[in-house]
Amino acid sequence: MGCAASAVALAGCITVPSAGPAHPATTSAGPPSYVDRLKAAPVDQPTGAPSAGTLPQFVTDSRNVACVFTTSRAGNLDQPWEPNNYDDGANAKAPTIPVVNCELASYPDPAPADVTDKCAGTFIGYLGGTALLTPDRVTYGGCRAGVTAAEASFGPGGTPSEAMSTVPVLGQGRAMEADGYRCAALDDGVACANLATGLGFFVASGSYELLGPGHRAPAG
C-alpha cells in the first residue's frame with residue numbers, strides 16, 4: 001500500500017528499491033542469526049523527514065517499535081520524543097557517545113538476569129519497553145514511572161505526539177544505519193547491532209533477545 005493510501009501513515013516513508021532483500025542461508029548449525037540477517041538486509045534512506053537536522057529515526061509499520069540513532073552524555077539521551085536532561089550544563093563536558101535507542105508500545109517484561117539498575121535503591125520500577133545499544137553495552141528495560149513514548153503514542157488509547165507523528169516508517173525486511181549501527185524491521189520487531197562486534201538486540205511485542213558476547217539465550 002502506498003504512503004498516500006494508508007489511513008494511519010505517518011509523515012514519512014521509506015523508498016523501497018526494486019531489488020528484493022538478500023536472504024542469508026540456513027546452515028547445519030541452524031537458521032541465520034539476527035546479526036547475519038542484519039548484514040544481509042538492504043539499507044534504505046528515509047524520505048519525507050521533517051528536516052535535514054532531524055536525528056535518524058524510524059517506526060515499524062505496525063507502530064509497535066520506534067528507534068532513533070542518537071547520542072548519550074553522562075547517561076542522558078538526546079531523545080527527541082520526550083523531555084530529558086541531555087542539554088543540562090552539568091553534562092556539557094561529558095563525552096558524547098553514539099547510541100541506538102528503541103521504544104515499544106507493547107512489550108515483554110525484562111528477565112531477572114537483565115535487570116541492571118537498583119532504581120535508586122528501591123529495586124522497584126525497572127520496566128521493559130526500551131532497548132539501548134552503546135559501543136560496549138546493550139540493555140533491555142530501565143527505571144521509569146509510566147509508559148514509554150511509543151506506548152503513549154501508539155498503545156491502546158494512545159495519541160501520537162507531534163514528534164512521533166512525523167517519524168518515517170521502515171518496512172519489513174528493510175534496514176537503516178548510522179554511527180556504526182544498523183537496525184532492521186524483522187519478525188514483527190526490530191533488530192539492531194554493531195555489525196563489527198555483534199553486540200545488539202532484537203525486540204518485539206512478545207519477546208526480546210540480547211545479542212553478542214555474554215548474551216546467549218532468547219528471553220520472553
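Source: prediction; values computed, not measured.
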Item checked: hydrophobic_cluster_shared for Leu210 and Leu132, side chain cutoff 4.5 Å ->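 Cluster IDs for Leu132 and Leu210 differ.
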
Note to self: Assigning hydrophobic clusters by single linkage (Ile, Leu, Val, Met, Phe, Trp, Tyr; side-chain heavy-atom cutoff under 4.5 Å), is Leu55 placed with Val99?
What the structure shows: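 In one cluster: no.
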
Next item on the list: Inspect the surroundings of CZ in Arg137 and state if more than 12 heavy atoms from other residues, nucleotides or ligands are less than 6.0 Å away.
Entry: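 Result for CZ/Arg137: open.
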
Checklist line | Test side chain to side chain contact (heavy atoms under 4.5 Å, CB included) applied to Leu211 and Val35, step by step | finding: CA-CA 8 Å; Leu211 313 172; Val35 174; 4.2 Å; yes

Between [atom1] on residue [X] and [atom2] on residue [Y], distance to nearest 0.5 Å:
X      : Y      : atom1 : atom2 : value
Arg73  : Thr96  : CZ    : OG1   : 4.5 Å
Phe58  : Cys67  : CZ    : SG    : 4.0 Å
Glu162 : Ser153 : CD    : OG    : 11.5 Å
Asp109 : Asp114 : CG    : CG    : 12.0 Å
Ile97  : Thr70  : CD1   : OG1   : 12.0 Å
Asp188 : Thr60  : CG    : OG1   : 8.5 Å

How close do [X] and [Y] get, counting heavy atoms only, and between which atoms?
X      : Y      : value
Val190 : Cys102 : CG1-SG, 4.4 Å
Ser205 : Leu104 : N-CD2, 4.3 Å
Pro108 : Ala204 : CD-O, 3.3 Å
Asn101 : Ala131 : ND2-O, 3.2 Å
Val59  : Val167 : N-CG1, 3.6 Å
Ala163 : Trp81  : CB-CD1, 4.3 Å

Checklist line | side chain to side chain donor-acceptor pair (under 3.5 Å) between Thr71 and Tyr86, intermediate numbers included | finding: CA-CA 9 Å; Thr71 55; Tyr86 182 83; 2.7 Å; yes

[X] versus [Y]: any side-chain heavy-atom pair under 4.5 Å?
X      : Y      : value
Pro98  : Phe69  : no
Glu103 : Val65  : no
Ser72  : Asp78  : no
Leu38  : Leu195 : yes
Phe154 : Met164 : yes
Asn76  : Asn85  : yes
Tyr34  : Glu209 : yes
Tyr107 : Asn64  : no

Next item on the list: Apply side chain to side chain contact (heavy atoms under 4.5 Å, CB included) to Ser207 and Phe202, showing your working.
Entry: CA-CA 8 Å; Ser207 67; Phe202 169 77; 4.0 Å; yes

Margin query: Please evaluate residues Met176 and Val43 with respect to the criterion side chain to side chain contact (heavy atoms under 4.5 Å, CB included), reporting the C-alpha separation (whole Å), side-chain torsions for both, the decisive distance (0.1 Å), and the verdict.
Written below: CA-CA 5 Å; Met176 285 183 65; Val43 177; 5.5 Å; no

Check: Are Tyr181 and Leu133 close enough, and set up right, to give a side chain to side chain contact (heavy atoms under 4.5 Å, CB included), and what steps lead you there?
Finding: CA-CA 9 Å; Tyr181 303 112; Leu133 176 60; 3.5 Å; yes

Has [X] got a side-chain atom pairing as donor or acceptor with [Y]'s backbone, closer than 3.5 angstrom?
X      : Y      : value
Arg144 : Gly128 : yes
Asp88  : Ala90  : no
Tyr126 : Asp117 : no

Check: Which word best sums up how the rings of Tyr208 and Tyr140 line up, parallel for under 30°, tilted for 30 to 60°, or perpendicular for over 60°?
Finding: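 Parallel.
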
Item checked: Cys192 and Cys183: CA distance, side-chain angles, deciding distance, disulfide (SG to SG under 2.5 Å) verdict -> CA-CA 4 Å; Cys192 295; Cys183 295; 2.0 Å; yes

Margin query: Before you tell me yes or no, could you show the steps for Asp187 and Arg37 under salt bridge (charged side-chain N to carboxylate O under 4.0 Å, His left out), namely the whole-Å CA-CA distance, both residues' side-chain angles and the distance that decides it to 0.1 Å?
Written below: CA-CA 11 Å; Asp187 299 343; Arg37 293 173 67 186; 2.8 Å; yes

